[in-house]
Amino acid sequence: MNISLESNNEPVIIVGGGGHAVVLLDVLLRQNRKIIGVTEADPERAGKDLMGVRIIGADDAISVFLPDGVCLVNALGFVNMPNRRKQIYIHFKKLGYHFAPVVSGQAFIGAEVSLGEGCQLMPGSMVQTGSRIGNNVLINTGAIVDHQCIIDDHVHIAPGAVLSGCVSVGEGTLIGTGARIIQGIKIGAGCIIGAGSVVVKDIGDSSTAVGIPAKAVKNLEK
């Protein structure tokens, strides 16, 4: 692995207070990580708690903390905001912040696996031998990435999805809940693979593909 787990000793701020944030908090609290707080755009939630952790305000509240004194955890998901997770990562990287890995103790990581900055492996997820995972990738609950897959930056592999061996997935793509990708398939950048779909042919960039077998039904706006 190419991630550093030394950041486990650094205090963290959770960026975003939605549904994915509570899963991240559960993992981090079980690991006894020091959590400064959670950001949330809704001003009415400022000062309240989320799973016992204080909501410190909107994202600009992070500027109070120096980049070398804190690391961030990206809690943005994909639903209704397909590019927001990527935007958050790029924005704070430009300001000098770095993103901590979040790897559940119930995740499995095989030999010779490369994990990029800010990767998240949720409980029950598996990344098998020889796979390469980019920056800011979310491999959600119970998702399986089999041997020698290549997953580019900002990809979200939703709960229960299965990628067979030697699959490649382009930047910013969503693999929906329970989707199945057979071995050797190439999925382009900026795609959405619908929940429960079975992909048996390559999918080009900026496509939405659904069904069994999955077919591209439209091109997304870039």
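Every heavy atom of this structure was used, including side-chain atoms; hydrogens, water molecules and symmetry mates were not.
Residue V167 is grouped with residue V113 when hydrophobic side chains (ILVMFWY) are merged at heavy-atom distances under 4.5 angstrom, including chains of intermediate members. Put simply, I157 and V198 are part of the same group of oily side chains (I, L, V, M, F, W, Y) that touch within less than 4.5 Å, one to the next. In the hydrophobic clustering of ILVMFWY residues, with side-chain heavy atoms under 4.5 Å counting as a link, V145 and V162 come out apart. Residues I88 and Y97 are members of one and the same hydrophobic cluster, defined by side-chain heavy-atom contacts under 4.5 angstrom among Ile, Leu, Val, Met, Phe, Trp and Tyr. Both I13 and Y89 sit in one connected hydrophobic cluster of ILVMFWY residues. Membership requires side-chain heavy atoms under 4.5 Å apart, directly or through other members.
Closest heavy-atom contact between I62 and F92: CD1-CZ, 3.5 Å. Among all heavy-atom pairs drawn from N140 and M122, the shortest one is OD1-CG, 3.6 Å. When all heavy atoms are compared, the tightest approach of G37 to V53 is CA-CG1, 3.7 Å. Between F65 and I56, the shortest heavy-atom contact is CE1-CD1, 4.3 Å. Taking every heavy atom of both residues into account, I14 and A21 meet most closely at CG2-CB, 4.2 Å. Nearest heavy-atom pair across H147 and Q128 is N-CB, 3.5 Å.
Under the 3.5 Å distance criterion, the side-chain polar atoms of T39 are matched with a main-chain donor or acceptor of G16. Side chain of S125 to backbone of T141: no donor-acceptor contact under 3.5 angstrom is found. Although no hydrogens or angles enter the test, the distance criterion places a donor-acceptor pair under 3.5 Å between the side chain of T173 and the main chain of C191. Side chain of S207 to main chain of A209: no donor-acceptor pair is present (N/O by atom type, distance under 3.5 Å, no hydrogens or angles). The main-chain N or O of G134 is never found under 3.5 Å from a side-chain atom of E171 such that the two would form a donor-acceptor pair. The main-chain N or O of G17 is found under 3.5 Å from a side-chain atom of R45 such that the two form a donor-acceptor pair.
Distance check, rounded to the nearest 0.5 Å: CG of L95 to CG of L72 gives 9.5 Å. Remark: E10 CD to K34 NZ distance equals 11.5 Å, nearest 0.5 Å. Rounded to the nearest 0.5 angstrom, I139 CD1 and I175 CD1 are separated by 11.0 Å. Atom-to-atom distance recorded for L24:CG and L29:CG is 10.5 Å, nearest 0.5 angstrom.
Proximity of K48 to E40: side-chain heavy atoms (C-beta onward) are nowhere separated by under 4.5 Å. Under the 4.5 Å side-chain criterion, counting only non-hydrogen atoms from C-beta, V27 is in contact with P123.
Taking 4.0 Å as the cut-off between side-chain N and carboxylate O, K93 and E117 count as a salt-bridged pair.
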Please test Q120 against N74 for side-chain contact (heavy atoms from CB on, under 4.5 Å), starting from the C-alpha separation and ending with a verdict. CA-CA 9 Å; Q120 299 172 3; N74 194 344; 4.2 Å; yes

Apply side-chain contact (heavy atoms from CB on, under 4.5 Å) to N136 and D153, showing your working. CA-CA 6 Å; N136 194 39; D153 296 348; 5.8 Å; no

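Inspection of the S164 and D146 side chains reveals no N or O donor paired with an N or O acceptor under 3.5 Å.
Other residues, nucleotides and ligands contribute over 12 non-hydrogen atoms within 6.0 Å of the CD atom of Q87.
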What donor-acceptor contacts under 3.5 angstrom involve side-chain atoms of residues 180-189, with partners at least two apart or in another chain?
residue	atom	partner	partner atom	Å
R180	NH1	G160	O	2.9
R180	NH1	G178	O	3.0

